[in-house]
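Data first, discussion second: the structure below is written as structure tokens.
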Amino acid sequence: MFGIIGVLSAFSLTIVTERKNGTLDRIRALPVTDTQLLAGKALSCFLAVAGVVLGLILVAVLFFGVRVGSWPLLVAASASV
């Protein structure tokens, strides 16, 4: 959970940093809507969290010998994170 919280806080801080440095004004001058801008940030955050979850699962299976009882349920639980 700390890895996921770290990724989420890092992505949320980018918006604050961009606003503080004036980068957000330059980004908003591009021909994209605010929805597209937030969707792009949300997609990149989702992919980063998915990478963290996948990495944790791989470490658990390969190094600690965790056996997965149901792969579809593991995928559903990972997607719900």
Side-chain angles (χ1 to χ4, degrees):
M1 288 306 293
F2 286 118
I4 294 168
I5 291 171
V7 169
L8 292 175
S9 65
F11 273 97
S12 62
L13 284 175
T14 60
I15 295 173
V16 174
T17 305
E18 288 172 353
R19 177 174 280 172
K20 183 179 173 186
N21 294 337
T23 311
L24 187 61
D25 293 332
R26 290 186 220 141
I27 293 172
R28 292 185 74 200
L30 295 172
V32 295
T33 64
D34 290 340
T35 304
Q36 290 172 329
L37 177 66
L38 286 175
K41 289 190 177 290
L43 179 64
S44 63
C45 183
F46 173 77
L47 292 175
V49 168
V52 168
V53 170
L54 180 64
L56 290 173
I57 292 170
L58 285 174
V59 167
V61 170
L62 295 176
F63 296 114
F64 295 110
V66 174
R67 283 179 262 145
V68 178
S70 173
W71 285 100
L73 288 177
L74 178 64
V75 169
S78 299
S80 69
V81 168

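Counting begins at 1 with the first residue of the sequence.
We find the CG-OG distance between Leu73 and Ser78 to be 10.5 Å, quoted to the nearest 0.5 Å. Taking CE from Met1 and CG from Leu8, the interatomic distance works out to 8.5 Å, rounded to the nearest 0.5 Å. Here the CD1 atom belonging to Ile27 is positioned 11.0 Å from the CG atom belonging to Asp34, to the nearest 0.5 angstrom. Going from atom OG of Ser70 over to atom CG of Leu74 covers 8.0 Å, rounded to the nearest 0.5 Å.
For Ser9 against Gly6, the heavy-atom pair with the smallest separation is OG-O, 3.0 Å. Among all heavy-atom pairs drawn from Leu38 and Ile15, the shortest one is CD2-CD1, 4.4 Å. Looking at every heavy atom in both residues, Gly3 comes nearest to Val52 through C-CG1, 4.2 Å.
Residues Ile4 and Phe46 fall into different hydrophobic clusters, defined by Ile, Leu, Val, Met, Phe, Trp and Tyr side chains chained together at heavy-atom separations under 4.5 Å. Linking Ile, Leu, Val, Met, Phe, Trp and Tyr residues whenever their side-chain heavy atoms come within less than 4.5 Å leaves Val59 and Leu56 in two separate clusters. Taken together through direct or relayed side-chain contacts under 4.5 Å among Ile, Leu, Val, Met, Phe, Trp and Tyr, Trp71 and Val53 form part of one hydrophobic cluster. Leu13 and Phe11 fall into different hydrophobic clusters, where Ile, Leu, Val, Met, Phe, Trp and Tyr residues are linked whenever their side-chain heavy atoms come under 4.5 Å apart, directly or through other members.
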Test log, rule side chain to side chain contact (heavy atoms under 4.5 Å, CB included), inputs Leu30 and Leu37: CA-CA 10 Å; Leu30 295 172; Leu37 177 66; over 6 Å; no
